[in-house]
A.B. asks: 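Let me begin by handing over the structure; questions about it come next.
Below, chains carry the letters A, B, ... as their sequence lines are ordered, and counting in each starts from 1.
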Amino acid sequence: MPELPEVEIAARNLRRWASGRRLADVEAEPSARRIFRPLAPRAFAEALRGSRIREVRRRGKHLLVTLEAGRAPLGLLSHLGMTGKWLRRGVGEPPPSHSRARLHLDDGVVLHYRDPRLFGRLRVVPGARFDDLPELAALGPDPLEDGIDAKRLAAMLGSTRRPVKVALLDQRILPGVGNIHASEALFIAGIDPRRGARSLSPAEVRRLGRAVLRSIRRTLRKEYGPEVAYVEEPGAENPFRVYAREGERCPRCRAGRLRRVVQAQRSTFFCPRCQG
DNA sequence: ACCCGTGTTCGCTG
DNA sequence: TCAGCGAACACGGG
């Protein structure tokens, strides 16, 4: 379940696996209609078949794949939702469970889009005109690619009445930040997640911006590999400082116990002693 | 059986 | 008019 680091890793993987490759065949599961909307699964597969992968980019949690169909550019927009993942399978390797789409490359490799919960999206973008898509236009600058402008962040946080943790989930502010890194960044910055976004001082906003980047980069370093290890998978260690650690000792002050509260129907984890 | 979930969208409300 | 809120989506795992 991906936030910015997992999507960044997916982008790097797709680049490595598929740049310059032709899609010899494309399959889209008929039962997974909602992933391919507004196209029918069959129309989705046909739109991509035979095209060649030229570029893979990331913007927030979106993957932007540029292909070439004959002479014409063609776009593929991929959002991983809660449980989406791109997986590579070599010739003869068995498919993963819940494979919803398959890109058969001209070297025999198959790229599977696996998504048990079906919250992800795969959309064909005619002419690769990503700039015309309202959902991308609404996103703020990408924290990793463009950096974080503290002035802009302060303006965005200053114009909402929501708690700062809830505001951080708004993809118009810092796209790519999700429920984990919102909690992690607020912990690193020492800011109480329940405070109103507009109550932060300029110094706190700067600290928060830096903390978001630190949290994202740290996860990126930890998780970079051919298959991302997700925290909820059996056997995986929880790599986070506070996320999903309710009741544990605070890793900073060693005295407080980490708490869990629910905000906007999502869990927030924090140390009541360190985050004032 | 029941609860929980790294995300987004839609419709209602004040 | 619009920010903010809660439900809905769908399925697996504890």
A.B. asks: Can A/Glu204 and A/Arg195 be counted as an ion pair, charged N to O under 4.0 angstrom?
C.D. replies: yes

A.B. asks: For A/Ala264 and for A/Arg172, find the nucleotide of DNA chain C with the closest heavy atom, then tell me which residue's nucleotide is more 5'.
C.D. replies: A/Arg172

A.B. asks: Phosphate oxygens OP1/OP2 of B/dG7: is one of them under 4.0 Å from a side-chain N or O of A/His79?
C.D. replies: no

A.B. asks: Between A/Arg129 and A/Asp132, is the closest basic N to carboxylate O distance under 4.0 Å?
C.D. replies: yes

A.B. asks: Tell me whether the side-chain N/O atoms of A/Thr83 come closer than 4.0 Å to OP1 or OP2 in C/dA10.
C.D. replies: no

A.B. asks: Using only side-chain N and O atoms of A/Lys61, determine if any of them is under 4.0 Å from OP1 or OP2 of B/dT6.
C.D. replies: no

A.B. asks: P atom, B/dT9 versus C/dT1: distance in rounded Å?
C.D. replies: 23 Å

A.B. asks: For B/dT8, is there a stacking contact with A/Phe119, counting only centres under 5.5 Å and planes under 30°?
C.D. replies: no

A.B. asks: C/dG4 phosphate, OP1 or OP2: any side-chain N/O from A/Thr160 under 4.0 angstrom?
C.D. replies: yes

A.B. asks: Can you tell me, in whole Å, how much space there is between the C1' of C/dG4 and that of B/dT6?
C.D. replies: 23 Å

A.B. asks: Regarding A/Arg121, tell me which of base, sugar-phosphate or nothing describes its non-hydrogen contacts under 4.0 Å with the strands shown.
C.D. replies: nothing

A.B. asks: Determine the interatomic distance between P on C/dA10 and the same-named atom on B/dG11; round to the nearest Å.
C.D. replies: 15 Å

A.B. asks: Side-chain donor or acceptor of A/Arg117 under 3.5 Å from a matching atom on the base of B/dG5?
C.D. replies: yes

